[in-house]
Asker: 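Dropping a structure here in structure tokens format, bear with me for questions.
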Amino acid sequence: MQMREVLASCLDEFMAADSKVVVLDADLAKADGTAGLRKKYPEQAFDVGIAEQNMASVAAGMASYGFKPYITSFSPFATRRLLDQLTISIAYSQQNVKVVGTDPGITAEVNGGTHMGLEDIGCLRSVAGVVIFEPSDPMQLMQAMPQINAYEGCLYIRLFRKDLPVVHAQDYHFDLFKADVLREGRDVTLFSSGFLVADVLKAAELLADKGISAEVVEVHTIKPVDVATVAASVAKTGAAVTVENHNVVGGFGSAILEAMAEAPVPTVRVGVPDRFGEVGKLPYLRKVMGMTLEDIVAAAVKAVGLKK
Amino acid sequence: MDLKEMSKQVRMDTMRCIGSIGTGHIGGCLSIVEVLTLLYFKYMRVDPASPRMEGRDRLVVSKGHAGPAVYAALANKGYFDKSVLYTLNQGGTHLPSHCDMNKTPGIDMTAGSLGQGFSCAVGIALASKLSRDGATVYAILGDGESQEGQIWEAAMWAHQQKLDNLIAFTDYNKMQIDGTIAEINDLEPLDQKWRAFGWHVIVVADGNDLDQIDAAIAEAKGVQGVPTMIILNTVKGKGVSIAEAKGVASHSFTVTAEEVEAACEEIRRA
């Protein structure tokens with residue numbers, strides 16, 4: 001099941017149960033999987049056209065009336081394009097609006113650099129009180145959505161919209177504000193979120209072959225970071241790698257480093273090396289950005305080597 | 001107290017509110033005193049004892065820097081004691097320079113980053129329609145604010161959604177911080193722009209005349225199928241000669257306690 005299908009089916013469920021749940025699109029409903037909702041719920045799903053800033057503030061106005069809006073677009077347009085509206089109309093005004101940004105980072109692939117949100121985490125992380133969540137597979141998103149719907153406030157879902165491999169088993173138990181230790185290890189902690197988590201687990205396998213015991217921690221909620229889980233893991237392993245689909249400046253890796261600021265360990269960051277995106281498919285883009293499976297393994301070896 | 005006397009009271013309290021800290025957005029507060037008086041003391045179905053009453057009429061002052069004028073109207077309406085007006089912009093106050101729905105009883109939407117409040121008003125009007133509660137949603141836009149692209153995004157979509165429960169005003173005092181509207185980024189022909197966006201448009205020749213504004217709101221209340229824009233040709237700093245004389249510089253300036261009392265005396269005699 002594609003991630004956007006999970007999103008749409010959860011929203012469908014919420015909208016059926018609660019007429020105050022509304023969805024606003026900005027001419028990307030077909031891409032984001034939400035187009036069908038407009039036919040089924042004509043009084044709960046709207047398209048504002050290509051006017052993201054208006055979408056954000058309209059949602060805030062509706063929220064002030066007791067409605068529970070979700071706004072959706074591609075991640076750069078759902079964040080940097082409407083950053084001031086998200087900041088003032090929604091976050092500063094304490095409105096209960098959920099923001100869904102699809103195709104994060106390099107997963108925009110052939111839409112290229114203009115459509116690659118490589119700074120969305122950095123932008124939103126510095127807006128007070130905003131929750132940032134990035135799921136890694138359908139099972140996690142399915143479990144997350146009811147908690148997200150129940151959460152009151154500004155929350156950003158950074159959503160890879162197509163198929164993702166299974167990361168979480170059927171008995172997985174999700175907590176929005178608690179990071180998941182997916183694999184225990186002794187020598188280094190690999191932190192990640194989103195579509196890269198599956199590869200980080202593979203990297204841990206490859207590291208085991210090299211005699212390195214890697215712990216894998218999925219920090220699906222990037223703000224607020226589960227500091228306790230991050231700190232406990234690095235206290236045990238003494239080294240870290242952060243793996244992110246975002247500029248390494250200001251994003252996921254920065255959040256992890258802040259979380260261990262009081263007891264830091266040598267950390268190597270894997271992600272977009274402070275540059276803009278370009279067109280290409282994921283294998284090409286991961287290669288030019290230094291984000292391949294091999295890059296993750298090499299970063300872990302380096303981090304272990306940096307330990308005193 | 002009749003509306004004329006109430007408008008004088010709101011104007012004096014606006015000056016005293018700003019005067020309490022000695023500086024503020026005087027020009028753009030004074031230009032909307034009459035429309036605020038009509039909304040709070042004739043048209044809006046609100047209850048000061050229950051500021052968040054469901055189904056109430058709402059006002060979004062999208063030109064959020066006019067906070068002090070709104071606070072003066074709210075205090076006279078009974079939302080809070082007039083002594084609160086003298087806490088404007090003091091640390092910990094409930095009355096910040098720009099309107100904040102989470103700080104001030106009676107404020108329906110936070111505004112300050114220009115253009116956004118109007119979109120919020122469109123969302124509120126849509127929410128009221130969906131709730132079928134019969135509320136009217138009012139919004140006051142600055143003329144300088146109307147240079148923001150978001151205003152026109154919102155205008156287009158309000159028409160698309162047939163929001164005839166939305167009545168907006170432009171405080172057309174023809175001035176912004178860096179100069180006159182005409183010399184910075186002209187809005188003319190403003191009435192034609194709004195008509196082209198599908199709105200019912202009423203131009204009020206004297207936007208500081210209670211009777212003329214009253215007639216415009218009464219007309220707007222009867223409009224069906226489209227939102228209404230009432231363009232108020234106002235005077236920046238209206239009713240206080242030192243403010244009017246400053247022209248563009250009336251946007252924000254310092255006043256002494258003596259100047260505030262002289263202004264109040266001038267208002268009283270008007």
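Side-chain atoms are counted along with the backbone in the values below, which use heavy atoms only and exclude waters and symmetry mates. Proteins come first, then strands; the chains are lettered A, B, ... in the order of their sequence lines, and each starts at number 1. These figures come from a predicted structure and were not determined experimentally.
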Asker: For B:H94, does the NE2 atom sit with more than 12 other heavy atoms under 6.0 Å from it, leaving out its own atoms?
Answerer: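 12 or below, so no.
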Asker: Should A:E43 and B:K129 be marked as a salt bridge (Lys or Arg N to Asp or Glu O under 4.0 Å) after you check the CA-CA gap, both sets of side-chain angles, and the distance that decides it?
Answerer: CA-CA 10 Å; A:E43 294 210 337; B:K129 282 268 183 191; over 6 Å; no
Asker: Is A:Q95 in contact with chain B via its backbone, its side chain, both, or neither, using a 4.5 Å heavy-atom distance?
Answerer: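 For A:Q95, the side chain is the part near chain B, not the backbone.
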Asker: Measuring heavy-atom distances to chain A, does B:A155 have an atom under 4.5 Å in its side chain, in its backbone, in both, or in neither?
Answerer: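 Looking at B:A155, nothing touches chain A.
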Asker: Taking B:W157 for the side chain and A:D47 for the main chain, is one N or O donor matched with an acceptor at less than 3.5 Å?
Answerer: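 Such a contact is found between B:W157 side chain and A:D47 backbone.
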Asker: Please assess B:Q116 against A:D84 for the test side chain to side chain contact (heavy atoms under 4.5 Å, CB included), listing each intermediate value before the final yes or no.
Answerer: CA-CA 9 Å; B:Q116 296 187 29; A:D84 191 45; 2.7 Å; yes
Asker: Heavy-atom pairs under 4.5 Å with chain A: which of B:G112, B:S131, B:G149 has the most?
Answerer: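 Counting heavy-atom pairs under 4.5 Å, the top option is B:S131.
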Asker: CG of A:N54 to CE of B:M156: how many Å apart, nearest 0.5 Å?
Answerer: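 Going from the CG atom of A:N54 to the CE atom of B:M156 covers 9.0 Å.
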Asker: Show your working on side chain to side chain contact (heavy atoms under 4.5 Å, CB included) between A:F46 and B:L130 and close with a plain yes or no.
Answerer: CA-CA 12 Å; A:F46 303 89; B:L130 296 172; 3.8 Å; yes
Asker: Could you check which of A:K20, A:Q53, A:M55 has the highest count of heavy-atom pairs closer than 4.5 Å to chain B?
Answerer: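 Heavy-atom pair counts peak at A:Q53.
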Asker: Which heavy atom in A:M62 sits nearest to a heavy atom in B:G123, and how many Å separate them?
Answerer: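 Minimum heavy-atom separation between A:M62 and B:G123: CG-O, 3.2 Å.
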Asker: Drop me the distance from B:Q150's CD to A:S57's OG, to the nearest 0.5 angstrom.
Answerer: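 Result: 4.0 Å between the selected atoms.
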Asker: Show the nearest heavy-atom pair for residues B:M109 and A:S89, with the distance to one decimal.
Answerer: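 Reported closest heavy-atom pair: CE-O, 4.0 Å.
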Asker: Does CZ belonging to A:R4 count more than 12 external heavy atoms closer than 6.0 Å?
Answerer: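 Counting other residues, nucleotides and ligands, CZ of A:R4 exceeds 12 neighbours.
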Asker: Between B:V137, B:V122, B:D100, B:L126, which has the largest tally of heavy atom pairs under 4.5 Å with chain A?
Answerer: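 The candidate making the most pairs under 4.5 Å is B:L126.
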Asker: Between A:Y65 and B:D108, is the side-chain hydrogen bond (donor to acceptor under 3.5 Å, both in side chains) condition met? List the steps.
Answerer: CA-CA 10 Å; A:Y65 225 87; B:D108 291 317; over 6 Å; no
Asker: B:C120 and A:V58: side chain to side chain contact (heavy atoms under 4.5 Å, CB included), yes or no, with the steps?
Answerer: CA-CA 5 Å; B:C120 294; A:V58 163; over 6 Å; no
Asker: Relative to chain A, which segment of B:Q161 carries a heavy atom at a distance below 4.5 Å: side chain, backbone, both, or neither?
Answerer: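 Interface part for B:Q161: side chain.
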Asker: More than 12 heavy atoms of other residues, nucleotides or ligands under 6.0 Å from CD of B:E188: yes or no?
Answerer: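 Atom CD in B:E188 is packed in, count exceeds 12.
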Asker: Is it the case that more than 12 heavy atoms not belonging to B:R45 sit under 6.0 Å from its CZ atom?
Answerer: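 Check passes, neighbour count above 12.
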Asker: What distance do A:I90 atom CD1 and B:T110 atom OG1 have between them, rounded to the nearest 0.5 Å?
Answerer: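 One finds 12.5 Å between CD1 of A:I90 and OG1 of B:T110.
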